[in-house]
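Here is the structure we will look at.
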Amino acid sequence: MHDDTTSDAAWAPETLAIRAGHRRTHEQEHGEPIFPTSSFVYGSAAEAARKFGGEEPGNVYSRFTNPTVHTFERRLAALEGGERCVATSSGMAAILSTVMALLQAGDEIVASRSLFGSTVSLFDKYFGKLGIVTRYVELSDLSAWEAAITPSTRLLFAETPSNPLSEVVDIEALAEIAHRHGALLAIDNCFLTPALQKPIALGADLVIHSATKYLDGQGRAVGGAVVGRDKELEEVFGVVRTCGPCMSPFNAWIFTKGLETLNLRMRAHCDNAQALAEWLQAQPAVARVYYSGLAEHPQHELARQQQHGFGAVLGFEVKGGREAAWSVIDATRMLSITGNLGDVKTTITHPATTTHGRLSEAQKEAAGISEGLIRVAVGLEAIEDIRADLARGLDALI
Ligand SMILES: *Cc1c(COP(=O)(O)O)cnc(C)c1O
């Protein structure tokens, strides 16, 4: 049958990103429609009863059944190679819903130390309050992961590559460790997206997204998603349905359209980031560049095998500490000074005083967050313009 209501699993990722998930309505629309409706109506009292009772599939209420949101969910599930996806109101809501669904008081999480700041607060402050303990380990140190696991560990949680030093963990090996101890492995795939990394194919059980970043890719909306097997995702769905951190149909439409260009954008992001990393390495004012696409990166080989690209977030250290780093940031005229990433616009930030400002001096040192470190999330402007904007401040340092 010639229509796009079913997605063919044999399609290449570029095709899935454009065609998967849309179930064309009787209006025969070509583009994916937005359904801005809170509820749905029934032909009879009996039909309403069947749909409410879950005996008959169909739309009930947009907190848990909205066709536009479902289009996004099916498309992202197809791209990640998962059985099911549940969309959420933000990336944080995706992590919250996952842990609420799968863990209970007394259970433990083992997580990588270099996590997104709000994830650490969620784990320590809020799950801590509910009796769920999180232990943190060095991302790339597999024996540390294994040593931190106890009989109560239910979830291993990692962000790979890490922000902003591009450290990488072997997902296949970590999944093996998790499963040997009866735990699940969740990977926050925000930095690479399914265009560059497929954690489920490597053995991960759950993939977490902040759709706010590259899935939209243009800085327009906040959203999130969880992808995995039906079994666990049914539980996550239950949390979203009951607790309410659902995605709006308008945002789902933005993310669905964002996915259509994901593969192209990610390739262009990687090309710009690689070119910038190589140029930064040659600048006299730069002491060190952290990017897994560089042959000197300690995990370059693992990143090359595990990923289809090295992403677009890089760190570099200038000589002269905080003063020098701030002067480079303040000398830019085009780059946006902001902690956000995953946008077509290049952003620049000083991790030690912003994204990692809450860490103690000892924690910063352990995490490699020096005062001279600058993070750039490389966008899609012309590479010459990005280089020129950084050159002004870097040249002034020598
Ligand atoms: C931004 C981000 C989140 C949180 O996502 P929101 O959409 O801002 O709630 C989680 N993990 C990573 C790696 C992020 O970059």
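These values consider heavy atoms only, across backbone and side chains, with no hydrogens, waters or symmetry-generated copies. When a ligand or atom number is given, it counts from 1 through the structure's own listing order. Residue indices begin at 1 and follow the sequence shown.
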Test of ring centre spacing under 6.0 Å for Phe123 and Phe157: yes
Asn59 side chain to His70 side chain, donor-acceptor N/O pair below 3.5 angstrom: no
So which pairs with a foot in residues 269-285 pass side chain to side chain donor-acceptor pair (under 3.5 Å), sequence neighbours left out? Gln274-Glu278, Gln281-Glu296
Ionic contact status for Arg75 with Glu260, cut-off 4.0 Å: yes
So which pairs with a foot in residues 386-398 pass side chain to side chain donor-acceptor pair (under 3.5 Å), sequence neighbours left out? Asp389-Arg392
Identify every side-chain donor-acceptor pair in residues 372-382 under 3.5 Å, counting partners at least two apart or on other chains, and give the distances.
unit_1: Arg375; atom_1: NH1; unit_2: Asn163; atom_2: OD1; d: 3.2
unit_1: Arg375; atom_1: NH2; unit_2: Gly339; atom_2: O; d: 2.7
unit_1: Glu381; atom_1: OE1; unit_2: Thr346; atom_2: N; d: 3.3
unit_1: Glu381; atom_1: OE1; unit_2: Thr346; atom_2: OG1; d: 2.5
unit_1: Glu381; atom_1: OE2; unit_2: Thr346; atom_2: N; d: 2.8

Could you list each N/O atom of ligand 1 together with any protein N/O atom closer than 3.5 Å, one pair per line with the distance?
unit_1: ligand 1; atom_1: 5 (O); unit_2: Ser210; atom_2: OG; d: 3.0
unit_1: ligand 1; atom_1: 7 (O); unit_2: Gly91; atom_2: N; d: 2.9
unit_1: ligand 1; atom_1: 7 (O); unit_2: Ser210; atom_2: OG; d: 2.8
unit_1: ligand 1; atom_1: 7 (O); unit_2: Thr212; atom_2: OG1; d: 2.6
unit_1: ligand 1; atom_1: 9 (O); unit_2: Gly91; atom_2: N; d: 3.0
unit_1: ligand 1; atom_1: 9 (O); unit_2: Met92; atom_2: N; d: 2.9
unit_1: ligand 1; atom_1: 11 (N); unit_2: Asp188; atom_2: OD2; d: 2.6
unit_1: ligand 1; atom_1: 15 (O); unit_2: Lys213; atom_2: NZ; d: 2.6

